[in-house]
Undergrad: 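Let me begin by handing over the structure; questions about it come next.
Atoms within each ligand, like the ligands themselves, are counted from 1 in listed order. Counting from 1, the numbers follow the sequence of the chain as shown. Values reported hereafter were calculated over all heavy atoms of this structure, with side chains retained and with hydrogens, waters and symmetry mates removed. As the structure is a prediction and not an experimental result, all values here were calculated from the model.
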Amino acid sequence: MASLVRTAFRKDLFLGKVAIVTGGGTGIGRAITKELAELGCRVVIASRKRETLESAAAEINHTLSKDVGGAALPPLRVFPFQCNIRSEEQVEALMKYAVEKHGRIDYLVNNGGGQFMSPVSEISAKGWHAVIDTNLTGTFYCLKHAYHAWMKDHGGSIVNIIVDMVKGFPGMAHTGAARAGVENLTKSMALEWSPSKIRINCIAPGVIYSETAAANYPDPETFNRSLHIIPARRLGCPEEVSGAVCFLLSPAAAYITGCTIPVDGGQGIYRSPWVIQDHEGFPVELHSEVALPPKGEATEPGPSE
Ligand code: ADE
């Protein structure tokens, strides 16, 4: 049976390598897991939900190519490991498992995360801490323990999945703050860990449609409502994020560290999805004598002529 995984890369690119993908059983993480495994990598997928992980690993293992260039590949290349990244002990156990059972940790993809929509004024302390603990502190635990368990002495490549938050992240400010923290952490780690030959970069996905992502939003039209702010005029798919992750992990990116690649159809350099509620304008304060033109209507701009 031909493999169901499509890839732009050479099929033995990651043969003999071991990766950890947090949140690797669903959505973007699952696409990353599939492509890495299709390219010969052994992939440990980690998240809190054992059944989701186990069924994802079984399904992906079933779809993978069995050989490359006539040489047999290990039939099982995806391995589930239950781990709550908010717990430092559980993260330490994950890294220990990868080294003891699979012999090495070449790649770490920090993809596990979560958030909910809410204006800042309505976020409770509990909700705030939950999002920061998962997205920022959980990533810190994974980085620190992958470093101590393997990468400090052997090098490695790390990709942190963040979000496109160049213009702030109104409506989900907690995750914007956490992901901005991860982006800055990435730059610090790129510098601190360069002597260990560790490269570390971020991918910032834009609006990516997956069934997992859609299940988080009650209104199925939420995604399509973003189309007018995406220069590519379509949504992205998890496989398009995965291709960029594989590039950053691969030797093709050997001179790239501390950077962020947006995978967003141009959205980051275009318009914010946030609509400012109409109001009477900031008071001019100090310069009330300055003559401003009469106030017009604040309409959404149309396409330029
Ligand atoms: N994905 C979302 N939340 C997570 C958590 N706490 N641990 C691991 N993976 C996750």
Undergrad: Starting from atom 4 (C) of ligand 1, find the nearest protein heavy-atom neighbour and note its residue, name and distance.
TA: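 Checked against all protein heavy atoms, atom 4 (C) of ligand 1 sits closest to R48 NE, 3.7 Å.
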
Undergrad: Under 4.0 Å from any heavy atom of C83, which atoms of ligand 1 are there?
TA: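 Reading through ligand 1 atom by atom, the close ones are 7 (N), 8 (C).
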
Undergrad: Look at ligand 1 and say whether G113 reaches it with a heavy atom at a distance under 4.0 Å.
TA: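 True for this residue.
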
Undergrad: If you count the atoms of ligand 1 from 1 in the order shown, which ones are under 4.0 Å from a heavy atom of S47?
TA: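 Once the distances to S47 are compared, the set is 8 (C), 9 (N).
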
Undergrad: What about the rings of H102 and Y97, do their centers lie closer together than 6.0 Å?
TA: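 When the ring centroids of H102 and Y97 are compared, they turn out to be within the sub-6.0 Å range.
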
Undergrad: Does E100 pair with K96 as a salt bridge, N-O distance under 4.0 Å?
TA: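 Yes, charged N to carboxylate O under 4.0 Å.
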
Undergrad: Specify the protein heavy atom at minimum distance from atom 6 (N) of ligand 1: its residue, its atom name, and the distance to 0.1 Å.
TA: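 Residue, atom and distance for the closest contact: N84 OD1, 2.8 Å.
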
Undergrad: Between R30 and E59, is there a salt bridge with N-O shorter than 4.0 Å?
TA: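 A salt bridge links E59 with R30.
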
Undergrad: Ion pair present between E239 and K34, side-chain N to carboxylate O less than 4.0 angstrom?
TA: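 No.
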
Undergrad: Indicate whether any N or O donor in one side chain lies under 3.5 Å from an N or O acceptor in the other, for T7 and E38.
TA: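 No.
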
Undergrad: Applying a strict 4.0 Å limit to heavy atoms, is T22 in contact with ligand 1?
TA: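 No, T22 has no heavy atom closer than 4.0 Å to ligand 1.
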
Undergrad: If I take atom CG from residue N111 and atom CD1 from residue I45, how far apart are they, to the nearest 0.5 angstrom?
TA: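 If I round to the nearest 0.5 Å, the distance is 11.0 Å.
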
Undergrad: What residue and heavy atom of the protein are closest to atom 7 (N) of ligand 1, and at what distance?
TA: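 The answer is I85 N, 2.9 Å.
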
Undergrad: Indicate, as side chain, backbone, both or neither, the part of T134 found under 4.0 angstrom from ligand 1 when only non-hydrogen atoms are considered.
TA: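 Side chain only.
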
